[in-house]
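Just so you know, these numbers use all the heavy atoms, side chains as well, and skip hydrogens, waters and symmetry mates. Remember, it's a predicted structure, so these values are computed and weren't measured experimentally.
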Amino acid sequence: MIHAQQHVPDPADTGVTPPSKTRRKKNMLDLQAMGEELVSLSREQLGKIALPEILLDAVLQAKRITKHEARRRQGQYIGRLMRDVDAGEIRAYLDQIRGKSTALTAYHHRLERWRDTLIADDAALEEFVAEHPGCDIQHLRQLLRNARKERDEAKAPRAFRRLFQVLKEYVSAPALSPDISPGNSGESS
């Protein structure tokens with residue numbers, strides 16, 4: 001008796017196609033670049049990230065390597081180790097260090113909007129004072145006059161920048177991690 005072979009589904013066949021070779025290589029290079037950023041951090045900053053011991057050791061060893069080819073190979077090794085780690089937490093910390101957290105960016109944009117509105121409209125000063133009681137109105141008026149004068153005479157924007165700094169003192173910053181503060185990040189002017 002001849003039995004027809006029945007097709008037995010492969011348990012590994014889930015219908016989901018694996019990522020392409022190009023996608024895997026891009027992910028690998030992204031992880032390697034993130035590893036290079038880890039190498040550029042200070043020991044104190046590295047201590048604030050929950051890295052596996054083997055990855056931390058590899059990063060610290062890379063800091064001591066001076067030869068180009070050896071450093072490149074160590075970077076590849078760090079990238080390989082990064083594949084086994086949840087990179088989301090590390091990426092978020094690196095973004096904060098670079099000053100690219102969305103909360104901080106939104107805060108700086110809000111300060112810039114206030115500065116531009118105050119320079120463009122005298123009535124905006126009253127609105128600002130109402131929202132931020134306790135600010136030095138006289139000092140703000142002087143900075144606004146100076147910023148307008150600089151703009152009209154095409155001078156260097158010293159009062160314009162100073163106004164941003166003063167607004168930063170009055171407008172509350174978003175809650176950030178203790179080691180990152182608005183004064184420590186890249187500032188827009």
With rounding to the nearest 0.5 Å, note down the distance linking [atom1] in [X] to [atom2] in [Y].
X: E169; Y: L111; atom1: CD; atom2: CG; answer: 11.0 Å
X: D116; Y: F160; atom1: CG; atom2: CZ; answer: 5.5 Å
X: H139; Y: I137; atom1: NE2; atom2: CD1; answer: 13.0 Å
X: L94; Y: E89; atom1: CG; atom2: CD; answer: 10.5 Å
X: R72; Y: E36; atom1: CZ; atom2: CD; answer: 11.0 Å
X: K48; Y: S42; atom1: NZ; atom2: OG; answer: 7.5 Å

What are the two closest non-hydrogen atoms of [X] and [Y], and how far apart are they?
X: G35; Y: I78; result: CA-CG2, 3.6 Å
X: Q74; Y: A58; result: NE2-O, 3.0 Å
X: A159; Y: A147; result: CB-N, 3.6 Å
X: V85; Y: L81; result: CG2-O, 3.5 Å
X: L31; Y: G79; result: CB-O, 4.1 Å

For this session: Check whether I65 and M34 end up in the same hydrophobic cluster, where Ile, Leu, Val, Met, Phe, Trp and Tyr are linked by side-chain heavy atoms less than 4.5 Å apart.
Result: no
Problem set entry | Hydrophobic cluster identity match, L60 and I49, side-chain contacts under 4.5 Å |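 In one cluster: yes.
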For this session: Decide salt bridge (charged side-chain N to carboxylate O under 4.0 Å, His left out) for R91 and D95; before the verdict, give the C-alpha distance in whole Å, the side-chain angles of both, and the deciding distance to 0.1 Å.
Result: CA-CA 6 Å; R91 183 171 285 121; D95 284 347; 6.0 Å; no
Exercise. Are side-chain heavy atoms of L51 and I90 found at a separation under 4.5 Å?
Worked result: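 Touching, per the 4.5 Å side-chain cut-off.
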Within 6.0 Å of [atom1] in [X], more than 12 heavy atoms from elsewhere:
X: Q138; atom1: CD; result: no
X: E153; atom1: CD; result: yes
X: I54; atom1: CD1; result: no
X: E69; atom1: CD; result: yes
X: E37; atom1: CD; result: yes

For this session: Name all pairs fulfilling the side chain to side chain donor-acceptor pair (under 3.5 Å) condition that reach into residues 117-134, sequence neighbours left out, sorted by first residue then second.
Result: D122-R148
Under 3.5 Å, is there a donor-acceptor pair between the side chain of [X] and the main chain of [Y]?
X: Y170; Y: D136; value: yes
X: E150; Y: R158; value: yes
X: R83; Y: M28; value: no
X: Y107; Y: V171; value: yes
X: K63; Y: L41; value: yes

For this session: May I have the step-by-step check of side chain to side chain contact (heavy atoms under 4.5 Å, CB included) for R110 and W114, ending in yes or no?
Result: CA-CA 6 Å; R110 191 170 74 219; W114 266 121; 4.3 Å; yes
For this session: Taking atom types as modelled, find out whether Q76 and R80 have a side-chain donor-acceptor pair closer than 3.5 angstrom.
Result: no
Exercise. Under 3.5 Å, is there a donor-acceptor pair between the Q142 and N146 side chains?
Worked result: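 On atom types as modelled, these side chains qualify, holding a pair under 3.5 Å.
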For this session: Take L118 and L143 through the test side chain to side chain contact (heavy atoms under 4.5 Å, CB included) and record every step on the way to the result.
Result: CA-CA 10 Å; L118 288 168; L143 284 173; over 6 Å; no
For this session: Take V39 and R71 through the side chain to side chain contact (heavy atoms under 4.5 Å, CB included) test and state the conclusion after the steps.
Result: CA-CA 10 Å; V39 172; R71 192 169 175 97; 3.3 Å; yes
For this session: Please lay out, stage by stage, how L167 and L140 fare under the test side chain to side chain contact (heavy atoms under 4.5 Å, CB included).
Result: CA-CA 9 Å; L167 292 176; L140 284 173; 4.3 Å; yes
